[in-house]
Amino acid sequence: MSEGRTVEAGVEQLGAIELALEAVLFAAAEPVPARDLKAACADLGEVDQALLERALDRLEARYRDRAIELVRSAGGYRFRVRARFSATVQAAQPERPARLSRALLETLAIIAYRQPVTRAEIEAVRGVAVSSGIMRTLQEREWVRVVGHKEVPGRPALYATTRGFLDDLGLARLDELPPLEQIRDLADVASDAGLSLGPSADDEAPAPGTSHRLDFDREPDARD
Amino acid sequence: MSEGRTVEAGVEQLGAIELALEAVLFAAAEPVPARDLKAACADLGEVDQALLERALDRLEARYRDRAIELVRSAGGYRFRVRARFSATVQAAQPERPARLSRALLETLAIIAYRQPVTRAEIEAVRGVAVSSGIMRTLQEREWVRVVGHKEVPGRPALYATTRGFLDDLGLARLDELPPLEQIRDLADVASDAGLSLGPSADDEAPAPGTSHRLDFDREPDARD
Amino acid sequence: MDPRAESEGDLALPTTAETGADGDVLYRVHGEPVVELPADLYIPPDALEVFLDSFEGPLDLLLYLIRRQNLDILAIPIAEITRQYMAYIEVMRALRLELAGEYLVMAALLAEIKSRMLLPRPREAESDDDADPRMALIRQLQEYEQFKTAAERIDALPRMDRDVYAAGASVEALEGPPPPAPTLDELMEALAAVMHRASLTAHHHVSTEQLSVRSRMSDILERLHPEQFVDFVALLLSAEGRQGVVVSFLAILELTKAGLIEWGQSEPYSPIQLRRRGADTTEREAPA
C-alpha cells in the first residue's frame, strides 16, 4: 500500500516535471541547457539527471506523431518543426532568408574546421583577403566569436565557432560536421608530378570518397 | 461502403490539416490569421471555414492538459504558454539578461527608421536572418506591431513601431529620434576607430530630444 | 573575387614584390599582348563579367581551370594553366573589373614557377620538395579545395530559419519582472553598427526620409482596409494643422510608390478615395 503510493507519487512527479519542461522549452527562444531545465523543476522535488532524462523521453514520445519534435543540439533542448513540414511553414511565410555568399561560407568553414584561427590564416587558405563585413556578419549572427589572441606580433584575434552555430545546424558537437576531404600525401605529389613540364592530362583524378574524421585538437598553425 | 470511405478520407484529411496548422502556429512570429492557416493547407484538399474550425478545435483539445494552449484573438490564432507556468519559466532563466540582445536592438532600430517594413527588408539591411523569436518578442513587448501586409506573393507582414515603444524611450513622437545623418556620422566614427578624431562637440552621443532636424515646426499628436 | 576585400592579411604565397603589383608583368611574362579572348573561354561575352566576378580568388580560378580539364591537382600542367590563367586576367583587365592584387600575385607566382621549370635545376636542390614552388602551390590548391567543398556541405545542412523552424509559443500570458526597455543610446549604437556593416557588405542604403512621414505611413496603413475605400481628403484632414496635412500627403505618396495603397474614384469628379491594396476580406473573421 505504501509502496503503491510512492509509485503513484513518482508518476505524478514525472508528469509535473514533463509539463514544466514543456512550458520552459516553448517559452525559450533558444535551446535550453539541461542545467536550466533542472532549475525550472526546483519546486518539484529532487530532480537528478536520470529523472530529467526520463521526463524528456516522455515529452519526446508525446510528440512522436506530431508536427514538432524535441531535439537536442549543442546548446541544449528545443522544440522544432519537423523537416517534413518545412514546406507548409514556408507556404505561410514564404520570405526566405537571403543565400549566404560563398566568401562567407568558405570563411565559416575554415573557422569551423581549423579553430581557433586568425584572419591571416583564413586568408592564407582562401588566397584572398577576408572582408571586415564578412567577419562582422559572422559575429553578428553569433556563429563566430573571438576566443583569444595569438601571441605573435600584433596579437591577432583568434576566431572560433559558437554553440549557436551548431544549434542553427542542429548539431550537438563540432565533430558532427561533414568530414573534410582527405588531402593526398605530399610524398605522392613529388613522385607523381615529377619535374616534367608537360601536361599530364591522363592522370587520374584523386579517388573520391576518401575522407577522414577531423582532428579538432590540431593547432591551426600546425601546417606551417 | 462509399460513404464509409468518404468519412475515412475526411478523418485523414482532418488529421493532416491539424498537423499542418500545428506546424504553422508553432513557427509563426505572431498570431496567424485564418486566411493564412487556410493557405497553409492548400495541398490538403478543399478547406472551408467549417473544416478549419473543426481542425482548430481538435488541436485545442489536444493541448487541453498541456503547458501551452491554443488561443484565438482578433489577429488570429497562436500557441501561448499557460499563465500558471510563470514561476517555472522564470526559474529556468537564472540570470535575466539586463540588456537587450544586439540582434533585437538592431531589428528594432531598423523598424523604427524604415517602417512600415517587412522581415525580408530588415534582413536585407542587417545582412543576417531575423528569427521568429525576435519578432515575437518585439511584438509581445508591444514595441512593434503589424500594420498591414505587402501585396507581393505570400503577403508578408509590414511592421511598425508602437506608441509603447516611444513611451519606453521617453519620446513624444517618432521624429524625436536622431536623424539618420547623425547616426551615419556615428557609424563613420566607429569605422575610423583608431583615429583620435572624436565627434565634434555638438554631435556627441545623441541624447533624447536633442539636436534633431525637423522640417515641420509642429507635428500633430498621434491620434491614438 | 571580392573587390571590396581589404588586403590586410599576409598571403601565404611567396610574393614577388618587384613584379607583383605592376600591370606590365602580364605582357612580359606572356611574351605578347593578349588582344582577343582566348579560344577556351567558351562563355558568352555578356555573361563573362558575372562569371569572372563569381570567382572567390586566384585559387578558385586556378582550381576551375584545372577541374575543367579533368586534371589532377597533383600534376598541374603549369605551362598550360599559366597561359589560361593569364588569359582570364587579361579579360578581367579588358573589362575593367576591379582586379584584386591577389590575382596579380598569383600571376607572378605562376610565371616564376614556369620560368624555374624551364631552367636546369642544380642537382643538390632536386630532392628538396620545399624548394619547388609548385609543391607549395599544389598544397595550397588542395587545401583550398578541401574547404571549398566543406563550405558547400555546410551550406547543404538543414539550417534554422531557412530549412527548419524552431517551435515556440507566446509568453504573453506569463507574469514576471518587466523586461528591460531599450535606451536611446543602445538603439542608436545598434543602428550605427548596422549601417556600418551595410556599407561594408552591400548596396543597401538606409535612406533618409523624414521619420514623421514614415510614422504617418504606418498610421495610415493601419487605418486603411482593402475592402473599403476611405476618402483621401478625410485622411489628410484627420491630421490636425497644416504641417499634418503635408506629412500625411507625403506619407500617402510614399505608400503609393511602395505599392501598398491604391487610388480610386467612383465616377469622374467624385471624391478621390484610397484603400489598402489586396482583397483580404477574411483577415478579421477570427472570433474575438
Side-chain angles (χ1 to χ4, degrees), chain B residues 26-27 33-35 68 72 74 76-83 86 89-90 98-100 102 105-106 108-110 113 115-116 124-127 129 131 133 136 140-141 147-148 150-151 158 160 168-169 174-175 177-178 180-181 183-184 186-187 190-191 205-206 208 215-220, chain C residues 161-162 165-177 179-182 184-188 190-199 201-202 204 206 208 210-212 214-215 217-219 221-222 238-241 243-244 246-247 259-260 276-278 280 282-288:
Chain B
F26 276 120
R35 59 167 291 148
I68 50 177
R72 311 165 180 225
Y77 299 81
R78 72 172 121 182
F79 278 112
R80 185 169 79 179
V81 180
R82 290 181 194 271
S86 297
V89 170
Q90 264 186 63
R99 298 189 55 209
L100 298 168
R102 179 113 225 161
L105 283 168
E106 287 188 5
L108 185 55
I110 293 168
Y113 279 86
Q115 61 183 289
V125 175
R126 285 190 65 222
S131 75
R136 194 183 294 131
E140 289 187 351
R141 294 185 177 184
V147 291
K150 195 164 181 172
E151 288 306 323
L158 285 161
D168 279 356
L169 281 179
L174 196 64
D175 60 9
L177 284 173
L180 271 182
E181 298 80 48
I183 296 155
R184 197 163 275 148
L186 199 69
S191 69
D215 280 0
F216 312 101
D217 35 4
R218 201 184 67 86
E219 174 79 347
Chain C
D161 288 326
R162 183 192 66 175
Y165 300 88
S170 164
V171 293
E172 202 183 49
L174 301 185
E175 293 146 19
L184 195 53
D185 281 356
E186 281 176 329
L187 208 59
M188 293 308 106
L191 190 59
V194 180
M195 289 169 70
H196 179 54
R197 205 168 60 235
S199 71
T201 52
H204 298 295
V206 183
T208 56
Q210 282 299 311
L211 279 168
S212 52
R214 299 223 71 101
S215 165
M217 284 167 71
S218 298
D219 292 340
L221 203 57
E222 209 177 17
S238 68
E240 313 81 348
Q243 290 76 20
V246 175
V247 171
L260 294 172
R276 216 158 80 191
R277 281 197 61 203
D280 58 343
T282 52
E283 191 178 319
R284 292 154 62 80
E285 74 196 354

Considering residues at least two apart in sequence or located in another chain, which fulfil the side-chain contact (heavy atoms from CB on, under 4.5 Å) criterion with B:Arg82?
B:Glu69, B:Arg84, B:Phe85
What's the separation between atom CE in C:Met217 and atom CG in B:Leu158, rounded to the nearest 0.5 Å?
9.0 Å
Drop me the distance from B:Glu106's CD to C:Leu191's CG, to the nearest 0.5 angstrom.
8.5 Å
I'd like to know if the side chain of C:Ser170 pairs up with that of B:Glu140 as donor and acceptor (distance under 3.5 Å, no hydrogens or angles considered).
yes
Output yes when B:Glu151 and C:Arg276 qualify as a salt bridge under the 4.0 Å nitrogen-oxygen rule, no when they do not.
no
Give the minimum heavy-atom separation between B:Arg102 and C:Ala193, together with the two atoms involved.
NH2-CB, 3.3 Å
Taken to the nearest 0.5 Å, the spacing of B:Leu174 CG from C:Arg214 CZ works out to 10.0 Å
Quick one: what part of B:Arg126 sits under 4.5 Å from any heavy atom of chain C, side chain, backbone, both or neither?
both
Non-hydrogen atoms of chain C under 4.5 Å away: do they reach the side chain of B:Ile68, the backbone, both or neither?
side chain
So which heavy atom on B:Leu105 is nearest to which on C:Ala190, and how close?
CB-CB, 3.7 Å
So, C:Glu172 side chain and B:Arg141 main chain: donor-acceptor pair closer than 3.5 Å or not?
no
Would you please name every residue forming a side chain to side chain donor-acceptor pair (under 3.5 Å) with B:Asp168, sequence neighbours left out?
B:Trp143
Does some side-chain heavy atom of B:Pro116 sit less than 4.5 Å from a side-chain heavy atom of C:Leu260?
yes
To check you understand the geometry: which heavy-atom pair defines the closest contact between C:Pro182 and B:Leu169, and what is its length?
O-CD2, 3.3 Å
To the nearest 0.5 Å, atom CG of B:Leu177 lies from atom CE of C:Met188 at 5.0 Å
So which heavy atom on B:Gln115 is nearest to which on C:Ser218, and how close?
OE1-OG, 2.7 Å
